[in-house]
Undergrad: 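Quick one: the structure is below, questions incoming.
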Amino acid sequence: MSFDLATFLTAFAVIFLAELPDKTMFASLAMGTRMRPLWVWFGTSTAFLVHVAIAVAAGSVFALLPKPLVQVVAAALFAFGAYTLLRGGGDDDDEDAAPDKKVTGLWPTYLTAFTVLFISEWGDLTQITTANLAATRGPLPVALGALLALVSVSALALIAGRFIAERVPLRIVQRIGGVLMAGLAVWSLTEAILG
């Protein structure tokens, strides 16, 4: 298994920008106001680790299919991701991801954070994107880039979430992520056609 720095950086950038305006940042921020932020981060990071492993495993299975087919499917999924981000989808403002009561103690905090993120990330755009990237690129750099991006978003939310939410328009972050996804869709489709 080789490590491709370009794939790592691509995975990091795409997943980071796709996850930043997503429910993860807001869930981490909400939990961080009711629980110890470091313990929340341990719980969310563990949930992300499990999800990245599942996504990379799924992507690796897809990689066993004929490469042009995988690249066409990946291009379609990237295009869907671009569409979702560019139209402003994925806003889960109506979801209350954190419990109403203050949670104390390492294990209750850890388990709450893990459970909230583990359940809410199933079928998420970033999980699908990670599987896509793993199917068309190298699984190791994709896994490391995606995991670093996800835990970074959670940490960023816990450290500076309120500042970001008040000062950086998340619509801009969504658009940048959408453009990156569209670029990956074109790249995957080009590879499928040109071989």
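For this chain, numbers begin at 1 and follow the sequence in order.
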Undergrad: Does the side chain of V56 come within less than 4.5 Å of S60's, by heavy atoms?
TA: yes
Undergrad: Determine, stepwise, if the pair T129 / L125 fulfils side chain to side chain contact (heavy atoms under 4.5 Å, CB included).
TA: CA-CA 6 Å; T129 302; L125 177 62; 4.0 Å; yes
Undergrad: Heavy-atom distance under 4.5 Å between the side chains of F8 and L148, does that happen here?
TA: yes
Undergrad: Are more than 12 heavy atoms from other residues, nucleotides or ligands located less than 6.0 Å from atom CH2 of W39?
TA: yes
Undergrad: Run T44 and F118 through side chain to side chain contact (heavy atoms under 4.5 Å, CB included) and show every step you take.
TA: CA-CA 8 Å; T44 59; F118 185 76; over 6 Å; no
Undergrad: For W107, is the NZ or CZ atom of R36 found under 6.0 angstrom from the centre of its six-membered ring and inside 45 degrees of the ring axis?
TA: no
Undergrad: State, yes or no, whether a side-chain contact exists between V14 and T10 at a heavy-atom distance under 4.5 Å.
TA: yes
Undergrad: Please report the C-alpha distance between L150 and I15 in whole Å, then the side-chain angles of each, then the deciding distance to 0.1 Å, and finally whether the side chain to side chain contact (heavy atoms under 4.5 Å, CB included) criterion is met.
TA: CA-CA 7 Å; L150 292 167; I15 300 301; 3.7 Å; yes
Undergrad: Mind checking the OG1-CG spacing from T7 to L144? Nearest 0.5 Å is all I need.
TA: 11.5 Å
Undergrad: Please walk me through it: do Y110 and T46 pass side chain to side chain contact (heavy atoms under 4.5 Å, CB included)?
TA: CA-CA 9 Å; Y110 173 86; T46 306; 3.0 Å; yes
Undergrad: Would you check if E121 and T126 make a side-chain contact, meaning some heavy-atom pair closer than 4.5 Å?
TA: yes
Undergrad: Taking the side chain as every heavy atom from C-beta outward, state whether V142 and T130 have any pair of such atoms under 4.5 Å apart.
TA: yes
